[in-house]
Amino acid sequence: MLGNRHAVEVAPLLLGATITSRIDGQRVSIRLTEVEAYGGVGEDPGSHAFRRETPRNATMFGPPGHAYVYFTYGMHWCLNVVTRPEGTAGAVLMRAGEVVEGIETARARRGTDVRDRDLARGPARLTVALGVTGVLDAVDLLDPRSPLQLSLSGAAPLEVRVGPRTGVGGYGAATPWRFHLADEPSVSPYRAAQRRRPT
DNA sequence: TTTTAGATCGTCT
DNA sequence: GACGATCTAAAAA
């Protein structure tokens, strides 16, 4: 399923899939309810890989099925799955999900006052709930021994909806590569990309 | 309820 | 030197 397909084709298939982390002896599993596809060089202005390969986005050009974890806004980690063969960039960002295992651990990481539906509602929140940081960049998500694993079983979406991507400015937002399950409370609210206001 | 500003730093220009 | 695949708290409406 992963391996040689454009991120746009893979993204909807990941809805309903489960991402599981084994970190600090704790297991946390999240059922994915919202994802976003990102393309390769020259084909997707919203993608990190749009211009060319750089040290930062290198894993996006690496083997499929591996994690692409990046740091943004000076404080947040985001988690992707690489979907195309080595040498070709393409990845799916895991934007939101529902915690189905290890909810106590997730709550401990996110905060005791956080509602269940908000535990993994948003890409940076999802990584916090899982305990994912940059050290997990490029790990094989299909290797049973990995601290981070993706399970496609159960990925049989009932109703998939498509919309514009969030947080992507200009051209990129016009490409409706955001997929999410309908009627899911854990889906992050859509916010159009905002330019920083001039002082 | 909606909007805004600030936090904070790696990456690319 | 500018800004980002974000989030939160606080202010405004």
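Keep in mind that the numbers below use all heavy atoms, side chains included, and drop hydrogens, waters and symmetry copies. Lettering follows sequence order; numbering is per chain, from 1.
Whole-Å rounding puts the A/M75 CE to C/dT8 P distance at 11 Å. Rounded to an integer number of Å, the gap from CZ of A/R51 to C1' of B/dT11 is 12 Å. Following rounding to the nearest Å, A/L79 (CG) and C/dT6 (P) show an atom-to-atom distance of 14 Å.
Across all strands, A/R178 comes closer than 4.0 Å to no nucleic acid atom at all (heavy-atom distances). Among the heavy atoms of the strands, none lies under 4.0 Å from A/M94.
Between the OG1 atom in A/T59 and the CG atom in A/N80 there is a gap of 8.0 Å [rounded to 0.5 Å].
Taking atom C1' in both B/dA5 and C/dC3, the straight-line distance is 16 Å, to the nearest Å.
With centroids closer than 5.5 Å and planes inclined by less than 30 degrees as the test, A/Y38 and the base of C/dA5 pass as a stacked pair.
Taking only distance into account, the side chain of A/Y70 meets the base of C/dA5 through a donor-acceptor pair shorter than 3.5 Å.
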**Request:** Start with the C-alpha distance between A/T33 and A/S186, add both sets of side-chain angles, then the distance that settles side chain to side chain donor-acceptor pair (under 3.5 Å), and finish with yes or no.
**Result:** CA-CA 7 Å; A/T33 58; A/S186 59; 3.1 Å; yes

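Contact annotation: A/H48 side-chain N/O to C/dA5 OP1/OP2 distance is under 4.0 Å.
Considering only the side chain of A/T54, B/dC12 comes nearest among C/dT6, C/dA5, B/dC12.
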